[in-house]
Amino acid sequence: MDKGIGIAGVAGRMGRLLVEEAAAAGIRLVGGIDREAVAPAGVRLFPDIAALAVDSDVVVDFTHASAVAGHAAALAAAGTAWVLGTTGLSESDDVAVASAARRIAVVQAPNFSPGVNLVLALAERMAAALPGDDYDAEIVEMHHRQKVDAPSGTALGLGRAVARGRGVALEVVRESGRDGHTGPRKPGAIGFAALRGGQVVGEHSLIFAAAGEHIAVSHRAFDRRVFATGAVRAARWVVGRAPGHYSMMDVLGIR
Ligand code: NAD
């Protein structure tokens, strides 16, 4: 890495941890951007994403979904790699990310912890082995009260992994936010339940429930630093890669 790492959302909860983790990894911090115009001490604040992109080898982005399309265009124009952790993206945001990934290397993950990515890999294999009509897949997550999107990006990632294992599209079988007279569960549905409260960093359980047995895989993050460590690892990995849309599973070599 010649120029170093830039951080989008540098004043946020993740942004501040990324500053510390880049330093711990011995990577030069170019600076950051933030809507709030307040950077952690000693961090250079850039006027916008385009300026940050030009000066950085890679931009690590934990901001807000509304920023994603603009960041995609600016990073692609500058030819700067992108580590994208922001969640709650719309379909048009997804299109913008995919389009940027044709010009630059992008690592996008709803969750940068190694443990969750292992669970994602397992989820796909379990879903492929357990018939969807017999094993009802339910995903339960809990997060802190400030979280703005639901289900969490990680929960949706788990749902996508189960859907991939079953050879179906998540959008077709997704059932979330059940309330009132919902009727019986549809065969093959993938269900989501989101709990919010306190300062829970992130808890996810994937349950396969059949008539005679339940199998559950759970992950609990105690410290959001685990996401920052993973994102910095992804930043190191992605610099110099060919354009493409990579995941944390590619970074960890568990695909
Ligand atoms: P936060 O609100 O503490 O921080 C976000 C920061 O981004 C804020 O400082 C805000 O001012 C800034 N920001 C918002 N819009 C901006 C814009 N258009 N331009 C520049 N800066 C902007 O939130 P957080 O807890 O740090 O999480 C940020 C995002 O990362 C969320 O989408 C969250 O779900 C996601 N997240 C992902 C992972 C993962 O592993 N992928 C882990 C934790 C959080």
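Order of listing sets the numbers, starting from 1, for every ligand and every atom in it. None of these values were measured; they are calculated from a predicted model. Residue numbers count from 1 along this sequence.
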Hey, is [X] one of the residues with a heavy atom under 4.0 angstrom from ligand 1?
{"X": "Ser66", "value": "no"}
{"X": "Gln146", "value": "no"}
{"X": "Gly88", "value": "no"}

Can you tell me the protein heavy atom closest to [atom] and the distance?
{"atom": "atom 39 (C) of ligand 1", "answer": "Pro110 O, 3.3 Å"}
{"atom": "atom 2 (O) of ligand 1", "answer": "Arg13 NH2, 3.9 Å"}
{"atom": "atom 40 (O) of ligand 1", "answer": "Phe112 N, 2.9 Å"}
{"atom": "atom 28 (C) of ligand 1", "answer": "Thr63 O, 3.4 Å"}
{"atom": "atom 37 (C) of ligand 1", "answer": "Gly85 O, 3.0 Å"}
{"atom": "atom 30 (O) of ligand 1", "answer": "Phe62 CD2, 3.4 Å"}

Are [X] and [Y] packed together at the side-chain level, in the sense that at least one heavy-atom pair is separated by less than 4.5 angstrom?
{"X": "Glu175", "Y": "Phe192", "answer": "no"}
{"X": "Ile33", "Y": "His71", "answer": "yes"}
{"X": "Arg166", "Y": "Ile190", "answer": "yes"}
{"X": "Arg160", "Y": "Pro110", "answer": "no"}

Look at the side chain of [X] and the backbone N and O of [Y], then say whether any donor-acceptor pair between them is shorter than 3.5 Å.
{"X": "Ser247", "Y": "Ala109", "value": "no"}
{"X": "Asp93", "Y": "Val68", "value": "no"}
{"X": "Asp134", "Y": "Ala210", "value": "no"}
{"X": "Arg185", "Y": "Ala189", "value": "yes"}

*Supply the atom-to-atom distance Lys147 NZ to Ser152 OG, rounded to the nearest 0.5 angstrom.*
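Rounded to the nearest 0.5 Å, the NZ-OG separation comes to 6.0 Å.
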*Hey, what do you get for CG (Leu29) to CZ (Arg44), rounding to the nearest 0.5 Å?*
11.0 Å
_Identity of the nearest option to atom 34 (O) of ligand 1, non-hydrogen atoms only, from Thr86, Asp34, Ile7, Thr87_ =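 Residue with the shortest heavy-atom distance to the ligand atom: Thr87.
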*Going by heavy-atom distance to atom 4 (O) of ligand 1, choose the closest among Gly12, Gly9, Gly15, Ala8.*
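Among Gly12, Gly9, Gly15, Ala8, the closest heavy atom to atom 4 (O) of ligand 1 belongs to Gly12.
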Mode of [X] contact toward ligand 1 - side chain, backbone, both, neither (heavy atoms, under 4.0 Å):
{"X": "Ala231", "answer": "neither"}
{"X": "Phe227", "answer": "side chain"}
{"X": "Arg224", "answer": "neither"}

*Taking ILVMFWY side chains as joined if any heavy atoms are under 4.5 angstrom apart, and letting links pass through other members, which residues group with Val200?*
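Its cluster mates, by chain and number, are Met142, Leu195.
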Can you list the atoms of ligand 1 that are under 4.0 Å from a heavy atom of [X]?
{"X": "His64", "result": "14 (C), 15 (N)"}
{"X": "Ala67", "result": "17 (C), 18 (N)"}
{"X": "Met14", "result": "26 (O), 43 (C), 44 (C)"}
{"X": "Glu36", "result": "11 (O)"}
{"X": "Lys147", "result": "34 (O)"}

*Would Glu20 and Arg225 pass as an ion pair if we require N to O under 4.0 Å?*
yes
*Less than 3.5 Å between some nitrogen or oxygen of Arg35 and one of ligand 1, yes or no?*
yes
*asked:* With respect to Ile33, determine whether any N or O atom, backbone or side chain, lies less than 3.5 Å from an N or O atom of ligand 1.
replied: no
*Classify the ring geometry between Phe62 and Phe112 as parallel (under 30°), tilted (30 to 60°) or perpendicular (over 60°).*
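Because their plane-to-plane angle lies in the 30° to 60° range, the rings of Phe62 and Phe112 count as tilted.
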